Structures are given as C-alpha cells and as structure tokens.
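As the structure is a computational prediction, the values presented were derived from the model and not from experiment. Reckoned from all heavy atoms, side chains included, excluding hydrogens, waters and symmetry mates.
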Amino acid sequence: MSNASQRIIPLEEGWNDEIKAKAIDKLEALLNGGMDSGQASMFGPREYVQIYTTCYDMCTQRSPYNWSRELYDRHGQTIERYLTSNVLPALREKTGQGGTILLRELNHRWSNHQIMNKWLKKFFTYLDRYYVKHHSLPTLSQSGLRRFQTHVYDEMKQDTTTAILGLINEEREGKIIDKSLIKSIVELYESMGMGTLDAYNADLEEALLSATREYYAKKRDFWINDSTPEYLVKAEEALNEERNRVADYLNSSSESKILKVVEEEILEKVEMVLLEKETSGCRALLQNDKSEDLQRMFRLFSRLENGLNPMASIVQSFISTMGDDIINRRQARLDGGEKDKNDDPRFVKALIALHEKYLGVVKKDFSGHSLFQKALKDAFVEVVNKNVGQYTNAELMSTFCDRILKSGGEKLSESEVEETLDRIVQIFSYLTDKDMFAEIYRNQLAKRLLNQRSTSNDAEKLMIAKLKMQCGTQFTSKMEGMLADLAVGSEQRTEFEQRMRSVDTKLDFSVQVLTTGFWPSYKSPQVSLTPEMSKCMGVFKEWHDKKHQKRKLSWMFSQGNASVRGTFGKKSYDLQVSTLQAIALNALNDGVSLTFEEFSRKLNLDHAIMKPLMHSLSCGKYKVVRKTPPGNKINISDKFAANAKFTCNMRKIRIPMASLDSSFNTKRVEEDRSIAIEAAIVRIMKARKTLQHQQLLSEVLAQLAFFNPNPRVIKKRIEALIDREYLERSADNPHVYNYLA
C-alpha cells in the first residue's frame, strides 16, 4: 500500500477539498439545475468510489483524527442548510399562487430531497454501519427526513393540506384534477410519520374528514328535496366516488373513516325522513313494486349500525296493512250478505299470494336478511290469527287443503298441487292454534279416505310429510296411522273377499277396519239393519275374531257407504249413498209409505239423525223419496214414500248427506290442550324441582309449540296438579312450587 493512502486526512481538508467540493456542491448544482431524477449518471462509479473512500478513511483514522462524529453532524447541517436556503424560499414564493402550483413545487422539492438523502447516505454509508449503530443515533435517512420535517413540512403542511382539500372538493364537483400529484404529496405525509401514519392522520386525514362532513352536510340539505329513490341514487354514487378516491390517491386506512362520515351525513341523519316520505318512501316503493329502488335502499341502510331496523318496521307494518285489507274484504263480503262457509278459497288464495309476493321481496330485494324474515313472520302471525265470521282461519285453511286433495275439488297438475301445498304449509306455520288445524285436517282427511274421495295417496303423504317437517312426528302420528290403516286394510279386504265367496248373499260386502286412536270419534247410532247386512256382519265378525282375538270391533254405520240399484218407473239408477241412506231406501221398497215417527221407530234412529237423513233423500238435488207435504224442511208430521216419478239424465248418482259429526271437536281439542299443558308443567318441574310461578309460566309457554294458551288456563292446570299431588306450594312462599316425586 502506498504511503499516500496512509496519510492522516485533516477534517477541514477532507470536508472542503473532497466531500463538499466533489460531492455536495455538485449534487446541489445538479438538483438546482433541474436534472431529471431518473438520471443514473449523477456520479460515475469512479467519482462515487473516490468520495466514499475519503469518508471511509476519515471515519477509520485513529483518535483524535477519527472524524465520525463531525461528519455525522455536518451531514445533517448540509441538508439543513440546503433546505433553509434553497427549498423553503422557493415554496414560500409559490404559496398563495394556487393549490396546484404549490403542490407541484413541494412535490419537486420533495423528490430532490429524496435524491439528496439517497446520495448522501451512499457517500456516508460507513457512518450508518458503525458510528450510528454504536451510538444509537438516527440513521442518515431518518436524520434527513427529520430535518425535512422540521424545516419544510411543519411550516408548509397547513397550506398544502388546504390545497389538497381544495382539489378534492373540485373533483367532487366534477372537475378534472392531477390525481398523481395528490398521490405523491400523500406519500410525503406518510413518510413524515417515520414508519407510522401519525403525521398523515393528524395533518391531513383529520382535516379531510372535517371537510368531507361539511361538504356532504351541504349536499344533504340540497338533495333532501328530491324523491327518496333519486336521493339514494346520488348517495350511492357519492359513496362509490369516495371509495374510488381513496383507491386513487389516499391511504387505504382512510376508506372506512371517510365512508363512515359520508354515511352519517347523507344517510343516518335523514334516514327516517327518507323512509317516511309519503310519495317515495319505503311504503310507497313497496306499494309500487319498485324492486331496484328497494334493493338500493336495503344496500345503503345496511351500512348503518341498526340502520335496517326502522326499514324492517315499515315493511312489517305495510305487510300487516295488506293482510288486513284481505281480512276486511272477507268481512265486507260477509256483511254484504254472502253466506259464511268454512270454504273460502278466495280468502286463502289471497293470503297465499300476499305471502308469496313478499317472501320474494324479502329474498330478492332484502337478500333474505333475518330482520326482514322476522318482519314478514310477525306481520303474518298477526294477520293469519285474525278470524272473521264464525269459522276460524285454521278451518278455512284446512278446508282449502281439502279442496286441493279431494277429487272434484281444484283442478291442478301434480306439480301445482305440490306447489300449492308448500305455500299453504308456509301460511300454516304462522298459526298459533296449530292443534286446531290438526284436528280439523284429520277429520277432513278421514272423510276423504273413507269415502274414497282422495285424488292421490301420494299427495296425501306429501302433505303429511310437510306438516311433519314443520311440527314434528307427534303432530302427524295419527294422520300417518290413518294412512297405514288403509294400507293394511286393503290386504285384509282381499283375504275377506275370498271368505265371502263361500257365503250365500246378494250383497257385495266389504269392511274397512280402523284403529280407534288414529281416527276421529264418530256418532254410531245402533240402526236396525237389513237381514242381509246383519248376516254379512256376522260372517265378518266371526272371521275377524279368529284372526285377532284380543281386538274389539265397534261398527260405525254413519261412515259406511253403499251402491244401491233403484228402479223408478222403467229406468234404473245406481245410487251412491251412505249406509244409513241405503237402509232408509230399503225400508221404502215395494211402495211402502211411512210417517216420520214410523220411520224413526223402524230404523231405531232418533229425530236428530232422522232429520238430516231424510232431508238428503227428499229435499236435496236428487229427490228419490217423495215427502208429503212437499217442502225443504223435515217435520215430524211428514210422510215418506219412494218417488215413482224420479228421473235424471245420469245413470250413476251420488246423493250426499250432511255429516252427523261436526268438522272438529272443540271439547276434544281443549282436553288435548289440558293434557299437553300438564305434561309440560310436570316435565319442567321434574327437571327443576323448585320454581317460581312466573318462571314456570314462561317456560311452559316456551315449550308449547302447537297453541298459545291463556296464562289463566296454565294456572288452572297447576292447581289441578297440586290437587293430584304432583306439585305443592312452598311453605315459605306461596308463589313458589315444589315437585313431589
């Protein structure tokens, strides 16, 4: 190594002759001359190595000639001097000349500063590696940034922030601005945080949020005169623009804060005003089926915390009003003189159509949101449980199902039947008296099955499966048992038919065996049978008792049916009648004439059964029996004979008879409810042992899914259980019950 390279370099000589002259002065001249920052030839490799070596030598000389501390200080002073003598005057000169001019100058000076910082760091790299690390000082880059912050940024930030906000507001008003310029200045703010966003947040973001709030408050007051859909279109556009603005040139952390401010100003503060506008609010949009506007309303208000609650309340209220209209129309028809029947398909179809429509709205326009599902449910629970006239909605709905499922009812394809059943089960789910529906439905199902009026066994099974899915096995077990009885019965009928072939009789006789627990209870009058019927019944009883020794048979004559050949004049007819009607017709054979009292004694039937029986034969559409005197009412003074003059265009005639049993047994439903309430009380008390009255009441109500009992009824059942020693009152507190094992 040459002696020259080992020479001690004095501080001033190394600094002035080498570093300042060859590096710093040249660097400043290049920056002031506007050299493109992308140029790579500011310092050639040889120049760079020479300057780096000088710095290295000055930092590695032995003390007292180790100039590391002095070079570190002069590095900072150099940057400071350049900033105060060159950069600041230029920026001050541009202040007041317009936001864009100032920002461009700042951007230019910031780019130059980054170049200077980079080259000085390269020249003094050895300082960063050893001196800075050993003395825990800011790195050269940090030192350069801090000086820029202290001498330039802190003085200019207020003016530049104002300039940025001005440009942003110009863009909001539709003007074109230099986005890349703002993006560069935003990066400067980010850099001033020294690795954090503190400077950006404090010096730009806070002012931006405040300016944004002020801007959109003015816009809100201007837009509020528009219709709700027009206002929401502008609000959505504003939110999208703000999101894009952040993506274009702001820090991504600002997005949620800016959007929150905009949402508060243009949505939250006027939500109720927008929702309740008379001609364009939520109710008007629902009324006019404005799907697109409803979707936008849902999208925007879902952005607010609890923003959907008022909207859901309006939806619920609107659906309730629409449901009330349907109920009022039914009431108006009844008030107008229309006969009140348990069959009102128009009413049920209107409920189904309303539900289908707004279920679609909830799914499509409100994305199936749980709040709107609840609104739909609560509205329909209110509507479906409002009864009009003497028949409950449970009965009307069950009868509608009966129309769908029985032959001669609604003419529907298989897919239409399934679709309609789906919809009626949805309406059924809102009923509080589900047990009442089940009782009525079971009675109607029994009639369909016993009279062979069911259109399809598959459709019956499908409906029961839907009810089972909705309410559980317990709800449909009896209905399933009824279908099972018929399936088993068909096998037994085939076996019995073979036995009947050996019996000498003119009757084509068959029996359907039913399980008592599954089927509704029926009136069973002990009618005087014809000899042939008695003979056939005796054969069946003998055959059945051998096959099922422990089963007891009870005959339900009111539910039987018969096909009777009747000859009136020269013409014969096949009459489809009930068993009781067949016995009555047989009694009038061969021109016999009987008074009402004689008829009653002959058939061994009381007046309550005789009247509907004879009415069906003598006062209905097909008057196969002549009543004297004529009329549409049966009196005990009437006289009856076969109507020799009866004629009909059809050969096969079905003669219906009014049911002897009500469509459902209210007393039985009440009994079942009492049992269910007591069972729930015992279950709860067995698990809890001790419970307060109010707590027991609420737990019982929570457990009962098929009906909604009155708390007084529950209290009565509690008293009954205390009397039967299932429970006792606590000696210390009469409102506390104890379970007795």
Side-chain angles (χ1 to χ4, degrees), residues 398-399 401-410 412 414 417-418 421 425 437-469 471 473-500 507-524 533 536-537 539-541 543-548 550-563 576-580 582 654 656-657 659-661 663-665 668:
S398 181
T399 306
C401 293
D402 190 51
R403 283 176 68 91
I404 302 297
L405 293 167
K406 78 178 176 186
S407 54
E410 299 274 334
L412 300 173
E414 279 184 32
V417 167
E418 183 172 357
L421 293 179
V425 168
F437 175 93
E439 182 67 18
I440 300 165
Y441 185 86
R442 197 162 64 93
N443 276 276
Q444 292 172 332
L445 172 63
K447 284 181 185 176
R448 289 197 300 276
L449 296 178
L450 295 178
N451 297 328
Q452 283 106 40
R453 294 292 308 280
S454 185
T455 48
S456 158
N457 204 36
D458 290 340
E460 296 289 3
K461 287 178 180 176
L462 182 68
M463 180 62 180
I464 292 170
K466 290 181 189 300
L467 292 172
K468 186 176 183 179
M469 190 176 289
C471 299
T473 309
Q474 180 191 348
F475 189 79
T476 56
S477 58
K478 289 181 180 179
M479 300 175 201
E480 290 175 308
M482 289 159 72
L483 290 177
D485 270 356
L486 294 188
V488 172
S490 64
E491 295 171 14
Q492 290 190 356
R493 273 201 304 276
T494 307
E495 202 175 320
F496 178 64
E497 279 169 12
Q498 292 176 343
R499 169 73 182 87
M500 283 298 292
L507 296 185
D508 184 3
F509 183 80
S510 68
V511 179
Q512 177 67 60
V513 181
L514 311 177
T515 306
T516 305
F518 295 151
W519 296 78
S521 54
Y522 298 110
K523 287 180 183 174
S524 183
M533 286 182 180
C536 292
M537 281 170 56
V539 172
F540 181 80
K541 188 174 186 317
W543 174 83
H544 184 271
D545 288 350
K546 282 181 184 175
K547 202 166 179 61
H548 308 287
K550 293 183 181 179
R551 290 186 187 174
K552 183 187 172 186
L553 277 179
S554 297
W555 294 91
M556 296 291 152
F557 301 117
S558 62
Q559 301 306 308
N561 55 69
S563 182
Q576 305 294 319
V577 292
S578 69
T579 302
L580 295 180
R654 181 176 169 272
M657 175 183 163
S659 176
L660 301 177
D661 304 280
S663 61
F664 67 99
N665 189 335
R668 177 167 174 168

Chi angles and distances behind the side-chain contact (heavy atoms from CB on, under 4.5 Å) call for Asn561, Gln576: CA-CA 7 Å; Asn561 55 69; Gln576 305 294 319; over 6 Å; no
side-chain contact (heavy atoms from CB on, under 4.5 Å) evaluation trace for Cys471 with Phe437: CA-CA 12 Å; Cys471 299; Phe437 175 93; over 6 Å; no
Lys447 vs Arg453, side-chain contact (heavy atoms from CB on, under 4.5 Å): CA-CA, chis, key distance, verdict: CA-CA 8 Å; Lys447 284 181 185 176; Arg453 294 292 308 280; over 6 Å; no
Audit row: Leu450, Trp519, side-chain contact (heavy atoms from CB on, under 4.5 Å) steps and yes/no: CA-CA 11 Å; Leu450 295 178; Trp519 296 78; 3.7 Å; yes
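Residues Leu421 and Met463 come closest through the heavy atom pair CD2-SD, 3.7 Å. The two residues Leu580 and Ser558 have their closest heavy-atom pair at CD1-CA, 4.3 Å. Taking both residues in full, the closest heavy atoms of Leu483 and Ile464 are given as CD1-CD1, 3.4 Å, listed atom of the first, atom of the second, then distance.
Between the side chains of Thr399 and Gln444, at least one donor N or O sits under 3.5 Å from an acceptor N or O.
Using a 4.5 Å heavy-atom threshold, the side chains of Met479 and Leu467 count as touching.
Within the cation-pi definition used here (under 6.0 Å to the ring centroid, within 45° of the axis), Arg442 does not qualify as a partner of Phe475.
Separating the CG atom in Leu405 from the CG atom in Asn457 is a distance of 11.0 Å, to the nearest 0.5 Å. Rounding to the nearest 0.5 Å gives a distance of 8.5 Å between CZ of Phe509 and CE of Met533. Taken from OG1 in Thr516 to CZ in Arg551, the straight-line distance is 10.0 Å, to the nearest 0.5 Å. Between the CE atom of Met482 and the CZ atom of Arg448 there is a distance of 8.5 Å, given to the nearest 0.5 Å. Separating the CD atom in Gln559 from the CG atom in Leu514 is a distance of 8.5 Å, to the nearest 0.5 Å. Between atom CD of residue Glu414 and atom OG1 of residue Thr455 there is a gap of 9.5 Å, rounded to the nearest 0.5 Å.
Of the possible donor and acceptor atoms, none in the side chain of Thr515 sits under 3.5 Å from a partner among the backbone N and O of Gly517. Panel note: side chain Ser578, backbone Gly560; no donor-acceptor pair is recorded below 3.5 Å. Side chain of Asn443 to main chain of Glu439: a donor-acceptor pair is present (N/O by atom type, distance under 3.5 Å, no hydrogens or angles).
In this pair, Phe540 and Trp543 present their aromatic rings tilted. The plane angle is within the 30 to 60° band.
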